[in-house]
Structure formats: structure tokens, C-alpha cells
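Note: hydrogens, waters and symmetry copies are ignored here, and every other heavy atom, side chains too, is used. Residues: numbered from 1 along the sequence shown.
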Amino acid sequence: MKRKWEVIIGLIGAILCVIMLGGFSLTITTMEEGTFAESVFPTLQEGVSINDLSESFEAMKALAVWFGITLLIVLITVVIATLSIWRNKFPKRAAIFFLLAGLATLIGTQMIAFPIAFFFFVASGLCFFRKLIDKELDYVPNKDC
């Protein structure tokens, strides 16, 4: 595999997405409203009245589902990009899929996970602009012999 750095950077972004988006989604979707009222709601209570507890809980559940869908889209695009770049076959296609993964991370998290999306944008840029020099092409046999 000649595009090792692009794959490593893309996988770091995917792992961070799994930790952040998957962790948030799993935690909130399995949480009950009583637990939400005791642990999460007091930190959100600055601009929300106590009467909006159930609305706030439903909004957090909707955000958790949105993060889960975003995570699935990001993982699919990263897998396609990694398979496209395997053995340096289709670096332009891989760059497009890494770019889509970064955009999905930005849009799906409403710009919250922009540091994670940065990894996908770097991997995409490396796929687009980095040229590999094949060492085997440096040797030219003498045809006169």
C-alpha cells in the first residue's frame, strides 16, 4: 500500500467519529427521562425553563439519532475511500469520498465536529495533490547491450 498516510489520517477521523458521535448517540438514546432530568438537564437549564424538560429531552433524542445517521454515512464513505485508494488504484475517487465524509461530518453535526472533519479534508487533499514517485521507474535498462 503506497498511500499509507491518507489511509491512516482517514481512519483516525473515522475512529474519532465513532467515539464522539457514536458515544453521544448511544448514551442519549438509551437514557431515560428521569436520568436526563438529573444529569444532563441541569447543565442545559440556563436558557430553558423547568416546564420544557420533556421538549428538551425529545430534542436531545432527535440530535442523537441525527448523529447516529451521520456516523453511518461517514463510515460508509470512509470505507469506500479506503477501498478506492488501496494499492493506489483510484486516488481521485478516494479524495472525493474523503471530502464527502468531511462534509457529512460538518453538516451532520451542525459544525460541532469541525476538528474531526479536518482529518477527512487533509486526507482528501493528500489524495488529490500528493504525487507518488515509483522507484522502479528510475531504472532504465540499456537497450544496446
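- Side chain of W66 to main chain of G108: a donor-acceptor pair is present (N/O by atom type, distance under 3.5 Å, no hydrogens or angles).
- No continuous path of ILVMFWY side-chain contacts below 4.5 Å connects F67 to I73, so the two sit in separate hydrophobic clusters.
- When all heavy atoms of I28 and K61 are compared, the pair lying nearest together is O-NZ, 3.7 Å.
- Looking only at side-chain heavy atoms (C-beta outward), L106 and F121 come within less than 4.5 Å of each other.
- Between L26 and T29 the shortest heavy-atom distance is O-OG1, 3.5 Å.
- Counting only heavy atoms from C-beta outward, the side chains of I112 and F24 never approach each other to under 4.5 Å.
- Hydrophobic cluster membership is shared by V122 and L11, with clusters built from Ile, Leu, Val, Met, Phe, Trp and Tyr side chains linked at under 4.5 angstrom.
- Side-chain contact check for Q110 versus L63: some heavy-atom pair is nearer than 4.5 Å.
- Counting heavy atoms from C-beta on, the side chains of L16 and M20 never come closer than 4.5 Å.
- Atom-to-atom distance recorded for C127:SG and F90:CZ is 13.5 Å, nearest 0.5 angstrom.
- Looking at L71 and S25, their side chains never come closer than 4.5 Å, going by heavy atoms from C-beta outward.
- Contact record, A104 with T70: O-CG2, 3.3 Å, taken as the closest heavy-atom pair.
- Across I85 and E6, no two heavy atoms sit closer than the pair CD1-CB, 3.8 Å.
- Note: L75 CG to L21 CG = 9.0 Å, rounded to the nearest 0.5 Å.
- When side chains are defined from C-beta on, L100 counts as touching F97, because their heavy atoms get closer than 4.5 Å.
- Under a hydrophobic clustering in which Ile, Leu, Val, Met, Phe, Trp and Tyr are joined whenever their side-chain heavy atoms come within less than 4.5 Å, directly or via other members, I116 and L126 fall into the same cluster.
- Within the model, atoms CD1 of I80 and CD1 of I96 stand 12.0 Å from one another, a figure rounded to the nearest 0.5 Å.
- Taking every heavy atom of both residues into account, A94 and A81 meet most closely at CB-O, 3.4 Å.
- Of all heavy-atom pairs spanning F119 and I12, the tightest one is CE2-CG2, 3.8 Å.
- The cluster map of Ile, Leu, Val, Met, Phe, Trp and Tyr, joined by side-chain heavy atoms under 4.5 Å apart, puts I9 and V79 in different clusters.
- Taken to the nearest 0.5 Å, the CG atom of L72 stands 10.5 Å off from the OG1 atom of T77.
- Counting non-hydrogen atoms of neighbouring residues, nucleotides and ligands closer than 6.0 angstrom, the CZ atom of F118 reaches no more than 12 such neighbours.
- Few gaps surround CZ on F128; more than 12 heavy atoms of other groups in view lie less than 6.0 Å from it.
- Under the 30°/60° scheme for interplanar angles, the aromatic rings of F120 and F98 are found to lie parallel.
- Here the straight-line distance linking atom CD of E33 with atom CD of E58 works out to 7.0 Å at 0.5 Å rounding.
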